[in-house]
Amino acid sequence: LNRALAFVENVNAFERTLVKAILPFLGVTPRSFQAASLTHDSYGSRQRCLKLVDGMVILCNPVAKQKGSKQFECFWSLPTEAAWYLLLCLGVIRPMVIHLLEQPAINNTSPLNDLHLFIFVSLPTGRNQIKNSYHFQADDIDGCLAETSLGLKCNDLRHVITGIIRHWF
């Protein structure tokens with residue numbers, strides 16, 4: 001059980017590193033609430049935000065700023081170096097975590113809905129920790145980005161990149 005929980009802690013650290021490795025290199029960074037709500041599967045009226053197009057990994061259709069229930073068309077292409085790690089996380093590590101959580105020794109299925117739906121998920125590291133939501137929140141995304149060498153939150157990074165684009169293009 002302790003080894004499984006240690007593995008879950010490592011997965012949490014890996015997910016935080018994914019945020020740091022992906023978001024600063026997308027071009028105009030999504031807002032923190034948009035990044036937190038990115039999905040890798042469809043759910044109800046929500047569209048899937050992760051797509052593979054001509055061998056490229058694309059993040060798209062974020063939640064709209066004005067109406068959180070509506071999605072709009074927007075596309076970010078991931079650098080190949082970061083896309084590989086994201087696909088490793090979602091396609092290999094995530095199913096292993098789901099399998100571990102379903103085992104009788106842990107038996108914590110409360111995060112499974114978020115694990116099946118959202119790209120960025122923070123898992124409980126204690127034996128009986130149950131929360132309402134396990135996917136990253138806007139503050140989690142901002143906290144990850146603030147730990148980078150730039151030390152900028154999503155909105156600040158958006159302004160910097162938008163300024164660079166306006167100045168040079």
Side-chain angles (χ1 to χ4, degrees), residues 3-43 46-63 71 74-102 106 108 110-126 129 131-161:
R3 290 171 117 181
L5 293 176
F7 177 73
V8 168
E9 287 180 17
N10 288 335
V11 170
N12 284 342
F14 187 73
E15 295 242 357
R16 292 183 65 80
T17 302
L18 276 176
V19 171
K20 297 175 202 176
I22 292 172
L23 295 184
F25 301 101
L26 291 179
V28 177
T29 312
R31 292 172 176 84
S32 54
F33 75 90
Q34 290 173 320
S37 66
L38 290 172
T39 59
H40 66 89
D41 199 1
S42 300
Y43 175 74
R46 301 265 319 256
Q47 298 176 31
R48 181 169 40 115
C49 299
L50 177 75
K51 300 194 187 275
L52 299 174
V53 178
D54 291 332
M56 305 266 316
V57 176
I58 306 290
L59 294 177
C60 58
N61 304 322
V63 173
Q71 290 178 275
C74 180
F75 297 91
W76 295 283
S77 175
L78 269 67
T80 306
E81 297 80 4
W84 186 89
Y85 290 105
L86 179 62
L87 294 179
L88 172 72
C89 180
L90 295 175
V92 177
I93 296 172
R94 181 80 49 96
M96 289 179 1
V97 168
I98 290 170
H99 181 72
L100 279 174
L101 292 174
E102 291 173 334
I106 297 177
N108 185 357
S110 57
L112 293 185
N113 286 340
D114 283 356
L115 285 168
H116 285 295
L117 182 61
F118 294 98
I119 293 176
F120 301 115
V121 178
S122 179
L123 297 167
T125 54
Q129 289 181 334
K131 305 185 301 187
N132 290 334
S133 176
Y134 294 92
H135 70 279
F136 276 36
Q137 302 300 313
D139 291 341
D140 299 322
I141 298 291
D142 281 337
C144 291
L145 289 176
E147 294 171 3
T148 66
S149 59
L150 296 173
L152 299 173
K153 295 180 179 179
C154 263
N155 200 35
D156 302 331
L157 192 55
R158 277 179 69 82
H159 289 319
V160 168
I161 293 173

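The chain is numbered in sequence order, starting from 1.
Taking all atoms of both residues into account, the shortest heavy-atom contact from Pro62 to Cys74 is CD-CB, 3.8 Å. A pairwise comparison of heavy atoms in Leu145 and Cys154 identifies CD1-SG, 3.3 Å as the closest pair. Between Asn61 and Cys49, the shortest heavy-atom distance links the atoms O-SG, 3.4 Å. What you find for Cys60 and Leu38 is that their closest heavy atoms are O-CD2, 4.3 Å.
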Could you pull out all donor-acceptor pairs under 3.5 Å where a side-chain atom in residues 78-95 meets a protein atom, sequence neighbours excluded?
unit_1, atom_1, unit_2, atom_2, d
Arg94, NH1, His40, NE2, 3.4
Arg94, NH1, Leu115, O, 2.9
Arg94, NH1, Phe118, O, 2.8
Arg94, NH2, Glu15, OE2, 2.7
Arg94, NH2, Ile119, O, 2.7

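Side-chain atoms of Val97 and Phe7, non-hydrogen and from C-beta on, do get closer than 4.5 Å to each other. Residues Glu102 and Leu112 have side chains in contact (heavy-atom distance under 4.5 Å, counting atoms from C-beta outward). Side-chain contact between Leu23 and Leu26: present, with at least one pair of heavy atoms (C-beta onward) separated by less than 4.5 Å. The side-chain heavy atoms of Ile141 and Gln34, taken from C-beta on, include no pair separated by under 4.5 Å. Counting heavy atoms from C-beta outward, Ser32 and Asn155 have side chains that stay 4.5 Å or more apart. The closest side-chain heavy-atom distance from Leu52 to Ile58 is not below 4.5 Å.
Note that the CG atom of Leu123 and the CG atom of Leu101 stand 6.0 Å from one another [nearest 0.5 Å]. In this structure, NE2 in His135 is found 10.5 Å from OG1 in Thr39, a value given to the nearest 0.5 Å. Note that the CG atom of Leu18 and the CZ atom of Phe136 stand 8.5 Å from one another [nearest 0.5 Å].
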| Going through the checks in order, is the side-chain contact (heavy atoms from CB on, under 4.5 Å) test met by Val160 and Leu150? | CA-CA 11 Å; Val160 168; Leu150 296 173; over 6 Å; no
| field | CA sep, side-chain torsions, deciding dist, call: Phe120, Cys144, side-chain contact (heavy atoms from CB on, under 4.5 Å) | value | CA-CA 11 Å; Phe120 301 115; Cys144 291; over 6 Å; no
| query | When you look at Leu59 and Leu50, which way does the side-chain contact (heavy atoms from CB on, under 4.5 Å) test go after all the steps? | reply | CA-CA 5 Å; Leu59 294 177; Leu50 177 75; 3.7 Å; yes
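Ala21 meets the side-chain contact (heavy atoms from CB on, under 4.5 Å) test with no other residue; sequence neighbours excluded. Under the side-chain contact (heavy atoms from CB on, under 4.5 Å) criterion, Ser37 pairs with Arg46, Val63, not counting sequence neighbours. Among residues two or more places apart in sequence or in another chain, the side-chain contact (heavy atoms from CB on, under 4.5 Å) test is passed with Val28 by Arg158, Ile161, Thr162, Ile165. Residues that satisfy the side-chain contact (heavy atoms from CB on, under 4.5 Å) test with Thr17, not counting sequence neighbours, are absent from this structure.
With hydrogens and angles left out, the side-chain atoms of Ser110 and Asn108 include a donor and acceptor closer than 3.5 Å.
Listed by first and then second residue, the salt bridge (Lys or Arg N to Asp or Glu O under 4.0 Å) pairs involving residues 134-150 are Arg16-Glu147, Lys20-Glu147 (not counting sequence neighbours).
By the neighbour-count criterion of 12 heavy atoms within 6.0 Å, atom CG of Asn113 is sparsely surrounded, having that number or fewer from other residues, nucleotides or ligands.
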